[in-house]
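A short worksheet on the structure shown next.
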Amino acid sequence: MSKSIAPNAPLDLLPKHFDSKTAETRWSEYWEQKEVYNFDFDKPRSSNFCIDTPPPTVSGSLHIGHVFSYVQTDIIARFQRMSGKNVFYPMGWDDNGLPTERRVQSLYHVRCDPALPYDPNLELEIPSAKEKKDRARTISRKNFIELCQRVTLEDEKAFMSLFRRIGLSVDWRLEYATINDHCRRIAQYSFLDLFEKSEVYQVEAPCLWDVDFQTAVAQAELEDRELEGAFHHIQFGVRDSKDQFVIATTRPELLPSCIGVTAHPDDSRYKGLIGKEAISPLFSCPVPIFASDRVDPEKGTGILMVCSFGDQTDVHWWKEQKLVSRQLIGKTGRFEGAAFGEEPFPSLDAETAQNHYDQIAGKNVKQARQKIVELLSQEGTAPVGKGPALTKAPQKINHSVKFYEKGERPLEFISTRQWFVSLLKHKSKMLAQADQINWHPDYMKARYRSWTENLNLDWCISRQRYFGVPIPVWYKLDAQAKPLFEQAILPALDQLPIDPMTDCPPSYSESQRDQPNGFTGEMDVFDTWFTSSMSPQISSHWPLDSKRHERIFPMDLRPQGHEIIRTWAFYTIAKALLHEEKVPWKNIALSGWIVDPHRKKMSKSKGNTITPSSLLDDYGADAIRYWAANARLGADTAYDEKVFKVGRRLVTKLYNASRFVLSQKSIESDHWESLDLSFLCRLKDLVSKTRVELESFNYAQALSEIEKFFWNSFTDTYLELVKLRAKKGDKAASSCVRTLRLSLKILLRLFSVYLPFICEEIWSWEFNKENGRRSIHQMPWPSLANDFKDIPMPSSDSQFELALKLFSAINKHKTGLSLSLMAELDEFELKLSESERAIFQFVLPDLQAATKVKEFKVVPA
RNA sequence: GGGCAGUUAGCUCAGUUGGUAGAGCGCCACCCUUACAAGGUGGAUGUCGGGGGUUCGAGCCCCUCACUGCCCACCA
């Protein structure tokens with residue numbers, strides 16, 4: 001604990017320098033021990049301010065971006081707390097999901113194989129680089145999950161220690177991890193509730209599929225990437241005719257999956273073909289030719305092949321035209337076997353088709369493309385004529401291709417059975433919900449709107465992965481032990497959380513698992529957003545504790561990054577709507593990004609991140625917080641170490657000025673000097689202004705005002721003016737010493753939301769004793785009613801304004817003459833307006849003392 | 001292709017309802033001054049992205065163009 005210092009301590013008793021590192025540890029422990037940030041569960045909703053803290057993905061990487069946005073939220077939390085709110089400020093860890101799986105796979109060099117039995121004695125060491133060159137070891141799902149939990153536990157500790165070090169005023173009793181029992185219970189209940197409301201469904205249909213991770217993904221997780229591709233011009237024949245036409249495709253390898261051909265209904269070139277059947281080259285497969293206004297006659301050759309499935313439009317045509325499916329690319333991204341001449345692969349020349357396809361089967365997309373282009377280039381492959389079906393050399397183009405945001409190969413549309421949440425039918429409600437939320441900055445709402453308006457797939461929530469919350473469903477098996485997916489068995493609320501792979505459904509016994517007429521457990525887990533979209537309810541314990549829920553939900557503030565509006569914000573709004581027809585929060589604050597000097601977002605994958613710990617060592621937590629507080633909401637910030645230096649300088653100045661102020665002795669008196677009151681008047685304006693700014697989340701503007709006041713008005717002017725008077729020991733001295741102390745007391749509280757460590761340190765020297773030894777962070781925010789009561793406040797700060805102006809003019813004069821500011825001047829001429837002359841007498845004594853001017857000659861301006 | 005931001009001093013950024021362009025850093029000069037040399041005082045630095053318009057007056061309002069970043073769409 002900090003050594004306690006008597007009021008009006010001589011300067012030399014106060015430590016000369018501020019040791020930020022020891023102060024950070026000391027005060028973090030103090031706040032924890034004194035429960036300074038604890039939420040009071042007994043208070044009514046109206047007195048609470050609830051924050052839906054983003055649970056960071058604990059994937060091992062800590063970077064300066066984490067510090068940036070979390071500090072911004074902390075400033076708002078601290079302000080609300082000092083404004084009298086009972087602040088609910090939890091911290092969660094988003095630990096389940098792919099980032100953790102990937103980390104475990106690479107750290108331990110393992111892969112999960114759900115078919116393997118659990119090995120309770122598995123001991124894994126972190127392998128050497130040499131061992132990592134061998135094939136990865138396969139382990140059971142349960143062993144794999146245990147490894148994930150081991151890794152995330154370590155990561156969570158590192159995150160927690162960073163967050164404590166930067167002084168987040170989190171109530172750590174409210175900590176959660178999205179894989180823990182409580183979160184699994186809430187996520188699974190969410191599913192049960194949606195199931196009951198018929199807002200979830202399962203369907204076997206073409207879904208977005210990542211062939212590397214071998215899982216379905218949702219529309220929100222897509223990313224377009226610009227890739228080099230090529231238009232391949234391929235000749236098709238027409239059945240019972242000598243006609244031919246040429247399609248253009250970037251995916252020639254899908255030729256064996258061709259299920260149709262389409263052109264625009266108004267395209268005169270192809271009008272005559274509509275309704276006929278096209279014959280594909282190599283496979284001689286007859287497919288219908290139909291018209292569609294989705295075809296752009298300008299693009300390619302204006303006629304194209306529909307495959308199962310090249311893209312979402314193919315899926316659309318497949319459904320619309322009731323085409324057959326000729327899915328050939330399997331879940332691993334390789335072409336599966338097919339028998340040509342049999343349904344669904346008819347062929348007018350089955351033998352040749354099979355011969356061609358045998359050269360494709362087993363290949364991945366890239367290899368298959370190469371092979372098929374090679375085949376199409378052979379003479380005689382054209383359905384009409386004797387040339388190659390590939391009518392000309394491929395034309396290179398750049399086009400955007402859909403990827404899973406974490407994936408490395410383009411997504412495929414693959415038909416699989418997946419669970420979905422209905423969203424498309426709620427679009428208009430989803431848009432209306434957004435209008436009930438205040439967006440900061442306001443223009444960010446447009447991103448939510450455009451995403452919602454353009455949404456074209458329901459939310460695929462099932463993932464074929466391992467480290468996640470299991471979908472709480474079992475299925476009945478028929479007499480052949482085939483699952484009856486439409487006969488889902490759901491657990492009761494009080495059974496949750498469950499794992500259908502190890503838990504048994506009600507009224508069944510474990511011996512019936514996977515047996516004829518028994519049951520089978522759902523293997524899939526939820527999309528991680530399915531759990532994190534419940535973060536407000538995870539905190540409010542819906543539906544388990546309705547009293548708590550009502551006191552916390554809807555929350556007051558959701559802070560988050562603008563890149564996850566379409567995921568986290570969107571899904572959270574959706575869940576609150578579907579579960580309770582409510583909005584999850586009143587406000588959403590979107591923080592900007594940290595960008596590198598080239599204005600690129602800092603991210604681990606780009607390798608341009610900065611680790612916070614060395615910066616914290618060099619500049620101290622308060623200085624780092626100062627940097628974060630400088631950026632407005634929504635605005636991206638260039639990483640610039642100069643700002644840390646400015647922050648450190650502010651901390652030092654605050655420390656030194658406070659040492660001076662608190663070492664001044666004063667006598668009992670209620671006398672106030674006019675100039676002192678004038679200065680307080682200016683401070684009063686600052687107090688009102690900053691409150692307004694902070695209430696609307698404009699922490700950066702408020703800081704700039706406070707800082708400006710502190711440097712220009714307080715340390716550079718007022719303090720210099722009264723420095724000598726303060727030592728006199730009379731009534732006038734008492735007035736300025738009380739003014740200094742009051743100002744400091746107010747300024748420290750204003751700064752405390754930004755610089756909690758230095759402010760607590762200074763507060764502990766003396767002010768804490770006046771208030772029953774409370775932390776500065778438990779003090780009320782400065783207010784006109786409390787801090788200025790019993791002080792005869794003037795109506796304006798004109799006297800101080802004049803003093804500031806004259807003091808600066810005299811300093812300028814001395815500097816111009818290369819004189820020390822302490823140099824004496826015999827005479828100085830002041831040009832004053834009439835109103836200035838009227839108040840000059842109140843400014844004169846301190847001005848004279850501070851400037852050492854023997855005589856002022858006042859002339860009219 | 002549609003949309004949202006941004007473009008202000010060498011750098012990073014403020015600029016409230018239209019009223020004589022700002023801060024910090026950097027640079028230069030001066031000052032060892034009893035809270036602070038991890039300091040202080042002062043100085044120089046701008047066609048406010050280009051063009052047009054409204055207005056007595058535009059960094060701010062309107063139109064237009066350019067560039068940067070992002071969001072969304074297209075994806076044969």
Side-chain angles (χ1 to χ4, degrees), chain A residues 11-12 14 16-18 224 226-227 229 231-232 247-251 254 261-263 292 294-296 299-307 310-314 317 397 399-402 410 441-456 562-563 565-566 592-593 595 597 599-601 627 630-632 634-643 645-664 689 700-701 704-705 707-708 711-712 715-716 719-720 723-724 727 807-808 810-823 852:
Chain A
L11 255 185
D12 53 7
L14 295 165
K16 180 98 174 147
H17 291 298
F18 176 55
D224 284 355
E226 198 72 19
L227 232 56
F231 261 130
H232 296 78
I247 62 110
T249 180
T250 55
R251 298 204 59 183
L254 289 177
V261 163
T262 182
S292 170
R294 289 203 177 199
V295 180
D296 177 2
K299 213 164 197 173
T301 56
I303 188 163
L304 60 106
M305 67 169 180
V306 179
C307 304
D311 61 26
Q312 214 165 309
T313 325
D314 280 353
W317 281 319
I397 53 157
H399 62 153
S400 58
V401 178
K402 284 199 191 309
D442 185 56
Y443 58 75
M444 285 294 181
K445 188 158 80 173
R447 298 200 179 181
Y448 174 90
R449 290 196 66 89
S450 66
W451 175 257
T452 306
E453 282 163 0
N454 288 305
L455 193 72
N456 55 30
H562 55 69
E563 77 280 15
I565 288 174
R566 73 181 195 181
W593 288 341
V595 292
R599 300 212 72 84
K600 296 281 171 224
K601 188 194 176 186
W627 162 76
N630 256 287
R632 291 166 309 148
D636 295 347
T637 297
Y639 176 80
D640 185 359
E641 245 175 82
K642 284 183 301 195
V643 185
K645 289 186 184 156
V646 178
R648 189 173 59 187
R649 190 167 152 256
L650 173 63
V651 168
T652 303
K653 191 74 173 178
L654 200 50
Y655 190 82
N656 286 321
S658 302
R659 287 173 66 226
F660 174 78
V661 169
L662 292 178
S663 62
Q664 301 307 305
K689 212 184 289 178
Q701 290 86 333
S704 148
E705 293 287 345
E707 205 187 350
K708 207 166 77 186
W711 284 105
N712 298 345
T715 62
D716 292 353
L719 208 147
E720 292 295 338
K723 211 184 223 174
L724 297 172
K727 297 183 193 307
F807 188 48
S808 165
I810 296 161
N811 286 340
K812 184 171 175 173
H813 177 74
K814 286 183 180 175
T815 303
L817 297 173
S818 295
L819 289 174
S820 156
L821 294 182
M822 296 312 284
K852 299 196 180 343

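Given the structure is predicted, the values throughout are model-derived calculations rather than measurements. Order of the sequence lines sets the chain letters (A, B, ...), proteins ahead of strands, with each chain counted from 1.
- Within the 4.0 angstrom heavy-atom criterion, only backbone atoms of the sugar-phosphate kind lie near A/Thr313; the bases stay farther away.
- Taking only side-chain atoms of A/Ala638, from C-beta outward, the nucleotide of B/rC74, B/rC13, B/rC72 with the closest atom is B/rC13.
- A donor and an acceptor atom, one from each side chain of A/Trp317 and A/Thr262, are nowhere located under 3.5 Å apart.
- Comparing A/Lys299 and A/Lys814 along RNA chain B, the residue whose closest nucleotide (by nearest heavy atom) sits nearer the 5' end is A/Lys814.
- For A/His17, the listed nucleotide lying nearest its side chain is B/rA38; candidates were B/rA38, B/rC25, B/rA73.
- Judged by the 6.0 Å distance and 45° axis criteria, A/Arg649 is positioned over the aromatic ring of A/Trp711.
- Minimum interatomic distance between A/Gly300 and A/Ala248 (heavy atoms only, all atoms of both residues): CA-CB, 3.9 Å.
- Side-chain N/O atoms of A/Gln701 and base N/O atoms of B/rC13 include no donor-acceptor pair closer than 3.5 Å.
- B/rG18 sits 11 Å from B/rC62 when the P atoms are compared, rounded to a whole Å.
- Residue A/Ser450 places its side chain closer to B/rC71 than to any other of B/rG69, B/rC4, B/rC71.
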Let me check I have this right: for RNA chain B, each base becomes ., (, ), [, ] or |, based on Watson-Crick or G-U pairs with both distances under 3.5 Å. What is the full string? (((((((..((((.....[..)))).(((((.......))))).....(((((..]....))))))))))))....
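- Within a 6.0 Å radius of NZ in A/Lys645, other residues, nucleotides and ligands contribute 12 heavy atoms or fewer.
- Here the nucleotide nearest the side chain of A/Ser820, chosen from B/rC31, B/rC74, B/rA73, is B/rC31.
- Straight-line distance between the C1' atoms of B/rG46 and B/rA9: roughly 5 Å, to the nearest whole Å.
- Of the candidate nucleotides B/rC72, B/rG40, B/rC70, B/rG40 has the atom nearest to the side chain of A/Arg649.
- When distances are taken from the side chain of A/Thr815 to each of B/rC25, B/rA29, B/rC74, the shortest belongs to B/rA29.
- The residues A/Arg449 and A/Glu453 are annotated as salt-bridged, a charged nitrogen and a carboxylate oxygen being separated by less than 4.0 angstrom.
- Between B/rU20 and B/rC56, the two C1' atoms lie 15 Å apart (nearest whole Å).
- Of the listed nucleotides (B/rG24, B/rG69, B/rC4), B/rG24 has the atom at the smallest distance from the side chain of A/Lys642.
- Side-chain atoms of A/Arg566 lie closest to B/rC72 of the nucleotides B/rA35, B/rU41, B/rC72.
- Side-chain contact of A/Glu563 with A/Trp593: a donor-acceptor pair under 3.5 Å is present, judged by distance alone.
- Closest to the side chain of A/Met822, from the set B/rU33, B/rG39, B/rC74, is B/rU33.
- Nearer to the 5' terminus of RNA chain B, by closest-nucleotide assignment, is the contact made by A/Val646 (compared with the other of A/Lys812 and A/Val646).
- Between A/Leu719 and A/Ala657, the shortest heavy-atom contact is CD1-CB, 4.3 Å.
- B/rA38 and B/rC72 are spaced 49 Å apart, taking the C1' atom of each and rounding to whole Å.
- Listed candidates were B/rU33, B/rC36, B/rG42. Nearest to the side chain of A/Ser808 is B/rG42.
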